[in-house]
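Sequential numbering from 1 along the given sequence is applied to the chain's residues. No experiment lies behind these values; they were computed from the predicted model shown.
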Amino acid sequence: MGVQAIHEEMEHRSTAALIILITGVVFLASNLRAPITSVGPIVDAIRSSLGISNTAAGAITTVPLLAFALLSPFAPGFAKKFGMEMVLFFSMIILAIGHILRPIGGIIPLYGGTILIGVAIAVGNVLMPALIKKNFSQNLGVMTGIYSVSMNLAGAFAAGLSIPLSRATGFGWRGSLSFWAILTLAAILFWIPQIRSRHSHSVPGQHVRKGASLWRSPLAWQVTFFMGLQALLFYCLVAWLPVILQSKGMNAEMSGWMLSGIQLSQLPFTMIGPILAGRMKNQQPLVWTSVVLMIAGICGIMLGGVHFTLLSVIIIGAAGGFAFSLCMMFFSLRTRTAFEAAGLSGMAQCFGYLLAAAGPPLFGALYDWTNSWTIPLLLLIAAAIFLLIAGLGAGRDRYVSAD
């Protein structure tokens, strides 16, 4: 992309300020998945240590999703009142507290810290696409790609290093979960310059037009369901793929790296996807690509055995990379202003994550009921089909305010 291309649309910023802003975006993004993906590979250790069921273990992943659903509608209002930069800064403070609380005791601190982590990530999920639209309106694809890659790269390392860190720290799963507070501290430090020069609540022309109602927009609901279904697929796999692979004979550490493999294989597609989407008036071909790949990868996990796991993981990662980057682009491409993008992001993530939250515990409950992974994996294939239906609507070249 080159810093110069983005610099041309932000002439009021110095090069140093621009670099600090981009670095801050990278570190904030890196905190939006690592606290969740770090749980999957060690969920068995947590379950054994605390004596909880599969369904309760799945809820460790579900609790943040519920926080996403409950808090997402409020984030745009906070941003209008206090500024996007200030709200994002305090979300990182809350995230740091969650990192400290989650591993210190039993079930109550674990779930309490998880709730705080969910609250903090909910704010970042909603406001980051709007922040990018506000600051990089002429380079949405490139900056969305950088944001998506940063998030997925951190998520990948969190999944892959989760078990090695539990051994290296000497504190088991507690030490592993605590480690990722380092990323949060880095984000706080690099974001301090932004709260000194914030302009979020006073940028001309950025407020949502009065009378515009996202709730009555069919296109907004299609974006919402696309968001929720791709999140359901992702978080079910984050929560249960290592356990599925371990049941097929793979050791715990390797199963964690397979989950990491999904994240790593997403990276080129989370970078390429937004750039392609930004150059296309109609994103439906990318929707088809994502869904076909997702179904193929899930079938590979279900039918292919351990020997086909790596290929299946790469295919799922490619599908997830396209689907996630499309979501982030839809928030910007289907709206006219940054605050309208924040409103659509808040709506989509509220109802979308509420839908996604049902996934991991339902997945675990279906396994407890059938003692087989077949029915839960068929559930994911059905979700992928509905993802296609929603995506074909969301991919049309229209604005939500015009519906």
Side-chain angles (χ1 to χ4, degrees), residues 33 37 40 141 144-145 148-149 151-153 155-156 159 222-223 225-242 244-245 248 255 257-280 282-330 333 352 355-356 359 363 373-374 376-396:
R33 277 200 176 168
T37 59
T144 299
S148 300
V149 166
M151 183 161 45
N152 284 288
L153 185 61
Q222 287 161 342
V223 172
F225 280 110
F226 189 84
M227 173 71 207
L229 289 165
Q230 68 84 29
L232 183 148
L233 288 161
F234 174 77
Y235 285 106
C236 281
L237 290 168
V238 164
W240 292 110
L241 181 62
I244 293 171
L245 297 180
K248 291 176 177 286
S255 71
W257 280 111
M258 288 297 103
L259 180 56
S260 181
I262 289 180
Q263 303 280 316
L264 290 171
S265 60
Q266 281 185 343
L267 296 180
F269 300 97
T270 52
M271 190 70 209
I272 295 169
I275 296 173
L276 293 176
R279 294 176 178 176
M280 301 166 68
N282 185 319
Q283 289 78 35
Q284 290 176 335
L286 295 179
V287 172
W288 273 105
T289 301
S290 177
V291 172
V292 170
L293 289 174
M294 181 63 72
I295 292 175
I298 294 170
C299 287
I301 295 294
M302 183 168 59
L303 304 173
V306 173
H307 297 296
F308 292 92
T309 297
L310 180 59
L311 177 60
S312 299
V313 158
I314 292 171
I315 292 173
I316 290 172
F322 275 131
F324 176 78
S325 60
L326 276 173
C327 282
M328 299 301 103
M329 286 299 288
F330 285 157
L333 294 175
L355 174 63
F363 199 94
W373 295 114
T374 300
L377 289 170
L378 287 174
L379 171 70
L380 298 190
I381 292 176
I385 294 171
F386 284 107
L387 180 71
L388 174 64
I389 296 170
L392 291 178
R396 295 173 299 163

Checklist entry - Shortest non-hydrogen contact from I315 to A296? => result CG2-CB, 4.3 Å
Item to check | Closest contact, heavy atoms only, T37 versus G155 | outcome: OG1-O, 2.9 Å
Checklist entry - Hey, what do you get for CG (L276) to CE (M329), rounding to the nearest 0.5 Å? => result 10.0 Å
Next on the checklist: Within this structure, what is the CD1-CD1 distance for the pair I381 and I385, rounded to the nearest 0.5 Å?
Outcome noted: 7.5 Å
Next on the checklist: Once rounded to the nearest 0.5 Å, what's the spacing between atom CG of L229 and atom CG of L355?
Outcome noted: 5.0 Å
Checklist entry - Which atom pair, heavy atoms only, marks the closest approach of L233 to A383? => result CD2-CB, 4.1 Å
Checklist entry - Are F330 and F226 near enough that their ring centres are under 6.0 Å apart? => result yes
Item to check | Within-4.5 Å side-chain heavy-atom neighbours: V287 and F322 | outcome: no
Checklist entry - Distance from L388 atom CG to M294 atom CE, nearest 0.5 Å? => result 12.5 Å
Item to check | Atom of G317, atom of S265 and distance for their closest heavy-atom approach | outcome: CA-OG, 3.2 Å
Checklist entry - Atom CD in Q266, atom CD1 in I314: separation rounded to 0.5 Å? => result 12.5 Å
Item to check | Member of L241, L293, L380, I301 meeting the side chain to side chain contact (heavy atoms under 4.5 Å, CB included) criterion with I316 | outcome: I301
Next on the checklist: Could you go through F386 and L232, starting from their C-alpha distance and side-chain angles, then the distance that decides it, and tell me whether this counts as side-chain contact (heavy atoms from CB on, under 4.5 Å)?
Outcome noted: CA-CA 11 Å; F386 284 107; L232 183 148; over 6 Å; no
Checklist entry - Where the side chain of S290 meets the backbone of L286, is there a donor-acceptor pair that is under 3.5 Å apart? => result no
Item to check | Heavy-atom pair of closest approach, residues L392 and R396 | outcome: O-CG, 3.7 Å
Next on the checklist: Under the criterion side-chain contact (heavy atoms from CB on, under 4.5 Å), I'd like the reasoning laid out for Q283 against L333: C-alpha separation, chi angles, the key distance, then a yes or no.
Outcome noted: CA-CA 10 Å; Q283 289 78 35; L333 294 175; 3.7 Å; yes
Item to check | Taking every non-hydrogen atom, the tightest pair across C327 and Q230 | outcome: SG-CG, 3.5 Å
Checklist entry - Where do F324 and S148 land on the side-chain contact (heavy atoms from CB on, under 4.5 Å) test, with the steps shown first? => result CA-CA 8 Å; F324 176 78; S148 300; 3.7 Å; yes
Checklist entry - Hey, mind stepping through M328 and T270 against side-chain contact (heavy atoms from CB on, under 4.5 Å) and telling me if it holds? => result CA-CA 10 Å; M328 299 301 103; T270 52; over 6 Å; no
Next on the checklist: Is there a side-chain contact between K248 and I244 in this structure, where contact means two heavy atoms from C-beta onward sitting under 4.5 Å apart?
Outcome noted: yes
Checklist entry - To the nearest 0.5 Å, what is the distance between OG1 (T374) and CG (L378)? => result 6.5 Å
